[in-house]
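Reviewing the structure listed below.
Lettering follows sequence order; numbering is per chain, from 1.
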Amino acid sequence: MVGIIELKDVNRSYKMGNSEIFALKNFNLTLESGQIVVVLGPSGSGKTTLLNVIGGIDKCKGHISVDGKTITKMSKKNLTRYRRSTVGFIFQFFNLIPVFTAQENIEYAIELSHTLLSRKEVVQKASKYLEAVELEKKALSFPSRLSGGEQQRVAAARAFAKEPRLLLCDEPTGELSVKEGRKVLSIIQQMVKDRSDVLVLLVTHNQEISKIAHKVIRLRSGEIDSITDQEPIEASQLNW
Amino acid sequence: MAKTIKNIVRAIKANKLRFLTISLVIAIGVSSWNMMIMAFLDMDFTYNHAFQENNMASFTIQTANPGGSGSDAWIDMENLTSYLNEFKQSVPSFEKIELRIIYDTKFVVRGNSQNGRLIAYKTTDEEGNLRLQPDVNGIEILQGREFTFASQYQNVCYVEGHLAEYWKLKENDFIGLGDQNIPFQVLGVVASPEYLMNMGSYADLLPSPRRFGVIFLPLRVAQNILNVQGQVNEISVKLDWGLSKSERKHIASRLKTYLEDEKGLKLGEPVDLDEQIAYWLLRMDIQEARELGYVLPIILLGMAMWGLYILLGRMVVAERKDIGVAQALGYSRKTIILQYVGIALLISIIGTVIGTVLGVIIASQFSPIYAKMVTLLFPVYTRMDPVVIGAGFILGIITGLLGGYLPVRNAIQPLPAESLRFDPSLHITSGQIPLLERMLKGLRIKLRTTGFKLPVRNFFRSKKRTFSSIIGVVISVSLISCMFGMFESMDLALTAQYQDIEDWDLRVDFSEVPTNTSNIVSAIKQIDGVTAGTYSLTSGATIFSNFSSNSKTVQLIGLKESEGYLGHTFEFKSGTYDSEGIILSVPVAEKLKVKVGDMVSLEIPKLTKLVSTAPLRAHFKMVNVSFKISGIIDEFNGLVSYLGLDKLKSVSNFPGDPANSILLKVENPTIEKLNEIRNIIKEKYDYNVRNIFTKEEQTSDLLVLLNAIYYIVYAIVGFAMALAVIMVYNTVYINLQEQQREIATLLTIGTPNRRIIRNVTIENLIVTIIGSVIGLIFGWVLLWFMMDVVLDMEFFRIQLFMSNSTIFQSFFFTLIAVLIAEYFPLRRILNLNLAEATKERVV
């Protein structure tokens, strides 16, 4: 396994009136690819902030490097390029583009990150990923016609289709039923099995979900409380 | 209530820029209301004040032959005074009488000869004491000194303001009077209510001090130089100001009958106050200003109401979940509606207050500027009218209330659960592939998702959004195209008239009508460079329809066809030129409800007794003569009709070849050549030439007026662009706000900023293109409404025209406004904190 993420003395704080609240405090962490890492913690522990600073959508002090590139020193333009080529996001609220069909949402991500592909290749690739999430029959459906679970699977397919090195998932099952949540987590697990160069960072408050992880990081008040390595179980066996 | 007010203030603070823009539109609407209505009222008051303060005559009666000699031209003053005093006993509303001399003659001013009118009034009263003002048709001394007792024995005069301004005449300058060029010293410059507009007759469509000027003399002096001692040729009567036109006309008619039948005088037709040319023109001017004064602010406030409607409607939709939470917590629907209406009310109060203050300030400046534009020499009165201000205030508030209440009332659902379930981003999506895209697909044009697909889909994502996006553009394009179209229509009408229709290079106007005009023309044609010449006789006439009870007073022009040259190239709507028939203009034909082939009756003067031929002096009586309409023309001059001169001559019993104008064509009509010919004609015929001018000189005054309108047009264009920026800014802002999470997602997954900017710009370009097409259609409708309904000028017939350049400029200026408008919300969106923006809602 090759090291991919390195955080050194990372601090992120917010001003609330006269006080300064630390979402991340003197944070240090190194993670390697080819695994699922679950970040657990209560509300306000800094888990989403951790995801955001690694994803380059929030600023912080300190040093973060991903795949050898220091993202904390990057310009806005380079950060955009970084997110386009290196990072995939799965949001809690799906965040599909409502005017695109399921197929088109995936095509967009592919066209963005694989500019040399022809139109035909883009469509084929998108169909392949849609098939992987078992939604090939819903290719022409708009998000308003999809259930929450279906939307999240399309969002997952969109994230995978970019073939990112880093997949960031922020409460991906937060809006889903148990059955739908298991499906999405299974898809994520399969992706890591298929590609050893990807690191999945999954944020959740749900202890049960952490069982699919190779590593569990517990946060408290912006600091690491514990890091546990474990043997992951199949998502289909989860029950919450 | 306190909580509601707090929420209102908070909501306004959070959206202050957008609400400020709506306030601005309301402010513009209210200020335009105040400005235009008060300006109209100021001008109305100013005119009335000038007329009343200076005792404008209720009617005037001249002798039958005011420029001639003999008993039909002059009346003994003493006798006339006693007749009038006798008549006065039976008419209680008779206030004042003034006996004057009105005489058209030549002036020589700074070596230049021009036509003019001398008006002479008595400078002493019945007891022989000096009086500074005539009792009727008074004057105001703008500069200089008053007549003294000695003035009645001296060659002194006042010069009317327009003439003085043109020639830069002032106290102690000299002008020459009449054929003998008698020198008169200018004692002062005056303003006269009779000549608020410097026009000598209805025939003079383009008044200019170069062609007509007025001077005032002491009566005795005029009598001496005209050799009519103790005589006058005009009676001016002032009746009670409150009498109606019919009452005035009745008294005037009685007086004429009394003086003619019982005292044997020979008089012309009385001219009522309403028919006095300056009075008539200024009333028409006020009428048009009043119409525009009501129409334009209503349009502007309507736009403000619409903008508020869109803004608040979409704001409520975007905040539906918050509203659901508030309802779930126990706030009633009424309270929530009140909050939003409170927002609208506060915005409109702010806008109304700003608009009221602005409007009052601008009105006080506008009236003097307008007065200067129309060269009004009397003092301009500016007043604050509380009724107008109050009405403007109410209109502004109503704009806010209606614009706020209507969208909010329907948007707030009765059940909180409905609101809580609501997802704005899904709601605004129509959930289908737009027709345009399907059509393109049919043409095998497939749009890429990272290409044009997203902006096209965004444009069509919801009907309400599409509509509100387009409306700002529609309003801007329609306003700009209408304004430019108005200017172009006027410009084209003038160009067509004076380049194509008026087929002459030099025009000679006579002071007196010669009866040997054909000989004069033949002689002038011998001048080197003159290639063709003809002549025409212009007079007034009333046309009666055989098909309705309508009649119309027109300028009747008898044209002589001389070796195939008419001096006029007709622009026929129907029919053709027939020297035996009559040609009417479109407005006249419409008023009379007649067409080609119909018969009409003309009331024209017929010569009953010839007194002299050089100059032409005669007795006339009014007769009705029938003519067949041979053609209907669509030209710039709206109140004009044409006959063959020979036909006019025969029915009027004129001797010889009468004319009051000669038209000449010149080969290679450079300024030098035209001046050369002009000088030759002047030298030979100066005794009777009132004016010689080129076509350019005739149009130059109108073009100056057109230039003033040009500035107004550009001001309105600037305003239309500002309005477009405001409305498009608001709709783009709301559109982007609704898409905030989407755009944040696109940025998060790696879409570059420039692509977001491109997509938004393409979407706005589509909005602009579609809105422009609709806006141009509305622009045409607005142009028709403004020109044909609001302005409705009888005098000038202007065909509606909008050039390709206008169409392009309307689109282009609006596009600029749209691009400016998108800049600010786009900049905000691109600098969002993506971490927060990708959540469900940004607080």
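Heavy atoms of B:L830 lying under 4.5 Å from chain A belong exclusively to its backbone. For A:N105, no part lies near chain B; criterion is any non-hydrogen pair under 4.5 Å. Neither the backbone nor the side chain of A:T86 comes within contact range of chain B, judged by heavy atoms closer than 4.5 Å.
Note: A:K162 leads A:Q92, A:R81, A:K77, A:K162 in heavy-atom pairs under 4.5 Å with chain B. Most heavy-atom pairs under 4.5 Å with chain B: of the set A:L96, A:L51, A:L79, A:N95, this distinction falls to A:N95.
With rounding to the nearest 0.5 Å, the separation of CD1 in B:I433 from CZ in A:F142 is 5.0 Å. One distance of note links CG of A:L112 with OG1 of B:T751; it measures 4.5 Å at 0.5 Å rounding. Annotation: the span from B:K453 atom NZ to A:F100 atom CZ amounts to 7.0 Å, rounded to 0.5 Å. Expressed to the nearest 0.5 Å, how far OG1 of B:T748 lies from CZ of A:F91 amounts to 4.5 Å. To the nearest 0.5 angstrom, A:I57 atom CD1 is 12.0 Å from B:L832 atom CG. With rounding to the nearest 0.5 angstrom, the CD1 atom of B:I749 is 5.0 Å from the CZ atom of A:R158.
Nearest heavy atoms, B:G750 versus A:R84: O-NH1, 2.7 Å. Smallest separation of non-hydrogen atoms from B:A835 and A:N52: CB-ND2, 3.3 Å.
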I'd like a table of donor-acceptor pairs (distance under 3.5 Å, sequence neighbours excluded) in which one partner is a side-chain atom from residues 440-450 of chain B, with atom names and distances.
unit_1, atom_1, unit_2, atom_2, d
B:T449, OG1, A:E111, OE1, 3.0
B:T449, OG1, A:E111, OE2, 3.3
B:T450, OG1, A:E111, OE1, 2.6

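Environment of CZ in B:F452: sparse, with no more than 12 heavy atoms of neighbouring residues, nucleotides or ligands closer than 6.0 Å. Within 6.0 Å of CZ on B:R754 lie no more than 12 heavy atoms contributed by other residues, nucleotides or ligands.
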message: Determine whether B:T745 and A:F89 satisfy the following criterion, side chain to side chain contact (heavy atoms under 4.5 Å, CB included), listing intermediate values before the conclusion.
response: CA-CA 9 Å; B:T745 302; A:F89 280 89; over 6 Å; no
inquiry  = Run the side chain to side chain contact (heavy atoms under 4.5 Å, CB included) test on B:N833 and A:D58 for me, step by step, so that the C-alpha distance in whole Å, both residues' side-chain angles and the decisive distance to 0.1 Å come before the verdict.
reply    = CA-CA 7 Å; B:N833 182 314; A:D58 201 359; 3.9 Å; yes
The test is side chain to side chain contact (heavy atoms under 4.5 Å, CB included); show your working for A:R83 and B:L834 and say whether it passes. CA-CA 12 Å; A:R83 290 196 301 271; B:L834 295 178; 3.7 Å; yes
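With sequence neighbours left out, A:K59 forms a salt bridge (Lys or Arg N to Asp or Glu O under 4.0 Å) with no residue at all.
For the pair B:N831 and A:K76, the minimum side-chain heavy-atom distance is below 4.5 Å.
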